[in-house]
Participant: 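Take this structure first; my questions come after.
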Protein chains: 2
Amino acid sequence: MVNLLQTRRLQRYRMALLRLKKMGLQKTFSHSLSEETGISAVLIRKDFSQLGIRGRRRGGYNIDRLLEQLKLIFGSEKEQNVILVGLGNIGSALVKYEGYRQGNMNLVAAFDIDPAKRTRRYQVPVYSLENLRDVTDTFDVSVAIMAVPEFSAQETASYLVENGIKGILNFAPVLLKVPDHVLVNNINVMVELERLMYHTGIKQKA
Amino acid sequence: MVNLLQTRRLQRYRMALLRLKKMGLQKTFSHSLSEETGISAVLIRKDFSQLGIRGRRRGGYNIDRLLEQLKLIFGSEKEQNVILVGLGNIGSALVKYEGYRQGNMNLVAAFDIDPAKRTRRYQVPVYSLENLRDVTDTFDVSVAIMAVPEFSAQETASYLVENGIKGILNFAPVLLKVPDHVLVNNINVMVELERLMYHTGIKQKA
DNA sequence: CATAATATGTGAATATATTCACAAAGCAAA
DNA sequence: TTTGCTTTGTGAATATATTCACATATTATG
């Protein structure tokens with residue numbers, strides 16, 4: 001019912017709506033949202049319409065109601081637990097990050113092969129991957145952030161999947177081979193930078 | 001000529017090719033690349049064809065030649081300089097990151113408003129944003145990584161643009177308003193996590 | 001040299017996503 | 001209550017991306 005492209009947009013709507021709400025607004029219009037999100041007004045209306053969210057022909061959309069309905073669609077009233085694997089540069093940054101709560105998430109544990117990393121210096125307990133199953137069982141975790149080096153990425157991913165992980169946020173620049181029921185989202189800083197380089201380069205030539 | 005969708009794929013090809021090369025292979029086939037990248041073989045051939053890259057009707061594609069041609073298309077033989085703005089959690093991780101060189105990039109300086117951050121503890125000099133123009137002029141920088149808090153993101157972005165930045169890799173969860181000639185790429189960890197949550201949730205219900 | 005096998009290359013068909021164009025609803029004001 | 005303006009909601013048209021189907025080139029082999 002809701003496809004991948006849409007989820008991305010829905011989140012943009014949500015973020016924009018939260019911003020507008022914080023500014024004290026109570027209602028909004030497809031055009032304002034468009035302004036705020038960069039998504040065309042028609043498309044916004046189509047999305048809402050398709051999701052069964054309806055506005056008023058002149059009064060626009062009620063922000064609170066909208067947020068509520070988006071929350072329903074995104075599901076997960078209850079907080080969801082996440083784990084983090086790999087405490088390198090990116091991993092350590094993510095363990096210090098404080099925004100999980102805001103997104104209704106909770107980072108419950110981190111994992112690293114290096115015993116030196118497994119100290120109490122971090123905000124969450126750090127374990128060896130051997131303890132993975134314990135943690136996933138205890139906290140009912142199905143999503144993992146994976147910030148491990150490229151060479152061990154596939155192995156780690158397979159291990160995570162074996163132990164019940166169904167969603168992986170992967171920072172390694174490799175295409176992970178996982179079963180169909182597992183979803184991988186990739187974040188690759190270098191790739192994004194290179195794309196910028198390429199396009200600024202093009203502009204110079206033109 | 002090369003659209004945004006394609007650049008993403010081209011980079012995947014490049015990464016996969018580098019991997020294959022490292023494994024000692026000299027030639028490859030659209031099917032192998034498909035296996036490696038998750039992109040369909042036909043689409044790969046179409047892409048190559050459209051870019052004027054031709055293989056042999058039976059021998060497949062020569063990896064070195066392919067890489068060379070991709071490099072030509074991506075342009076930028078010469079190293080490009082990048083700056084980093086904001087030394088919070090993510091910023092500090094990115095300043096420590098060592099992979100820029102590999103992508104033919106060079107992180108030349110970082111910026112932060114907090115004077116305490118402007119020490120020599122980091123691998124690159126850290127300045128106040130007042131010195132931005134000096135740095136961009138000296139190093140001919142047109143791309144910036146922006147890892148600043150949400151509330152100052154728009155302001156920072158505008159300032160960067162005023163000072164000649166044409167590409168921004170933005171980690172703040174806001175849609176930046178920039179002139180048409182500026183390209184923004186967003187990376188948002190929370191959004192990606194939420195999408196995973198959403199989809200693993202769906203699977204549970206189904 | 002003929003034949004079989006393998007991959008590429010590409011026009012046509014299909015699928016997907018987005019915009020256009022406009023009717024219908026709702027509010028405001030005369 | 002009528003008129004006019006605004007904004008939603010949506011079928012149809014367009015644009016974009018991907019796959020199908022197959023002709024064509026190339027190599028290997030008997």
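Every chain is numbered from 1, with letters handed out A, B, ... down the list of sequences. On a predicted model such as this, the values are computed, not experimentally measured, just so you know.
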Participant: Go through the N and O atoms of the side chain of B/Lys46 and the base of D/dT19, and report whether any donor-acceptor pair is under 3.5 Å.
Facilitator: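 Flag set: donor-acceptor pair detected.
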Participant: With respect to the side chain of A/Arg9, which nucleotide from D/dG9, D/dT8, C/dT18 is positioned closest?
Facilitator: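 Out of D/dG9, D/dT8, C/dT18, the nucleotide with an atom closest to A/Arg9's side chain is C/dT18.
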Participant: Just the atom pairs and distances: protein N or O near nucleotides 22-24 of chain D's N or O, under 3.5 Å.
Facilitator:
unit_1 : atom_1 : unit_2  : atom_2 : d
D/dT24 : O2     : B/Arg57 : NH1    : 2.5

Participant: Check this one for me: any side-chain N or O of B/Ser40 less than 4.0 Å away from OP1 or OP2 of D/dT19?
Facilitator: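 Yes, because at least one side-chain N or O of B/Ser40 sits under 4.0 Å from OP1 or OP2 of D/dT19.
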Participant: Counting only side-chain nitrogens and oxygens, does B/Ser49 get under 4.0 Å of the OP1 or OP2 atom of C/dG9?
Facilitator: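 No, B/Ser49 has no side-chain N/O under 4.0 Å of OP1/OP2 on C/dG9.
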Participant: Atom CG of B/Leu43 and atom P of D/dT16: how far apart are they, to the nearest Å?
Facilitator: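 Value for this atom pair: 16 Å.
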Participant: Whole angstrom is fine here: how far is it from NE2 in B/His31 over to C1' in C/dA5?
Facilitator: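 So the two atoms are 14 Å apart, to the nearest Å.
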Participant: Let me know the distance between NZ of B/Lys27 and C1' of D/dT26, rounded to the nearest Å.
Facilitator: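 So the NZ-C1' distance, B/Lys27 to D/dT26, works out to 11 Å.
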Participant: Going by side-chain hydrogen bond (donor to acceptor under 3.5 Å, both in side chains), A/Ser158 matches just one of A/Gln154, A/Glu155, A/Glu162. Which one?
Facilitator: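 With A/Ser158 as partner, A/Gln154, A/Glu155, A/Glu162 yield a single side-chain hydrogen bond (donor to acceptor under 3.5 Å, both in side chains), made by A/Gln154.
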Participant: I need the CG-C1' distance between B/Leu66 and C/dT8, as an integer number of Å.
Facilitator: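 Distance, rounded to whole Å: 13 Å.
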Participant: Can you check the A/Gln50 CD to D/dT10 C1' distance for me, whole Å?
Facilitator: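 After rounding, the reported distance stands at 12 Å.
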Participant: Go through it in stages, so that I can follow the logic: the residues are A/Arg195 and A/Glu192, the test is salt bridge (charged side-chain N to carboxylate O under 4.0 Å, His left out), and I'd like the CA-CA distance, side-chain angles, deciding distance and then a yes or no.
Facilitator: CA-CA 5 Å; A/Arg195 287 179 61 218; A/Glu192 300 303 324; 3.1 Å; yes
Participant: Nearest whole angstrom, please: distance from the P of D/dA17 to the CG of B/Leu10.
Facilitator: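 The distance from CG of B/Leu10 to P of D/dA17 comes to 13 Å, rounded to the nearest Å.
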Participant: Are there more than 12 heavy atoms of other residues, nucleotides or ligands under 6.0 Å from atom CD of A/Gln26?
Facilitator: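 12 or below, so no.
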Participant: Just the table, please: protein N/O against nucleotides 27-30 of chain C N/O, every pair under 3.5 Å.
Facilitator:
unit_1 : atom_1 : unit_2  : atom_2 : d
C/dC27 : O2     : A/Arg58 : NH1    : 2.5

Participant: Can you pull out every side chain to side chain donor-acceptor pair (under 3.5 Å) where at least one residue sits in residues 91-103 of chain B? Sequence neighbours excluded, please.
Facilitator: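 Listed by first then second residue: B/Glu79-B/Arg101.
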Participant: Work out which heavy atom in A/Leu94 is nearest to a heavy atom in A/Leu107; give both atom names and the distance.
Facilitator: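 What the structure gives for the nearest pair is O-CD2, 4.3 Å.
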Participant: Side-chain N or O of B/Ser30 versus OP1/OP2 of C/dT8: is the shortest distance under 4.0 Å?
Facilitator: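 Yes, because at least one side-chain N or O of B/Ser30 sits under 4.0 Å from OP1 or OP2 of C/dT8.
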Participant: Rounded to whole angstroms, how far apart are OH on A/Tyr61 and P on D/dT6?
Facilitator: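 Going from A/Tyr61 (OH) to D/dT6 (P), I get 18 Å.
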Participant: Rounded to whole angstroms, how far apart are CD1 on B/Ile39 and C1' on D/dT19?
Facilitator: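 Rounded to whole Å, this separation is 15 Å.
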Participant: Reckon A/Phe48 touches a base, only the sugar-phosphate, or nothing at all at heavy-atom distances under 4.0 Å?
Facilitator: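 No contact.
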Participant: Determine whether more than 12 heavy atoms belonging to other residues, nucleotides or ligands lie under 6.0 Å from atom NZ of B/Lys21.
Facilitator: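 Open: at most 12 neighbouring heavy atoms sit under 6.0 Å from NZ of B/Lys21.
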Participant: Counting only heavy atoms not in A/Glu150, do more than 12 fall under 6.0 Å of its CD?
Facilitator: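 Counting neighbours around CD of A/Glu150, more than 12 heavy atoms of other residues, nucleotides or ligands fall under 6.0 Å, so yes.
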Participant: I'd like to know if the side chain of A/Tyr127 pairs up with that of A/Asp134 as donor and acceptor (distance under 3.5 Å, no hydrogens or angles considered).
Facilitator: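 Their side chains do not contain a donor-acceptor pair, so the 3.5 Å distance test is not met.
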Participant: More than 12 heavy atoms of other residues, nucleotides or ligands under 6.0 Å from CG of B/Leu67: is that the case?
Facilitator: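 Above 12, so yes.
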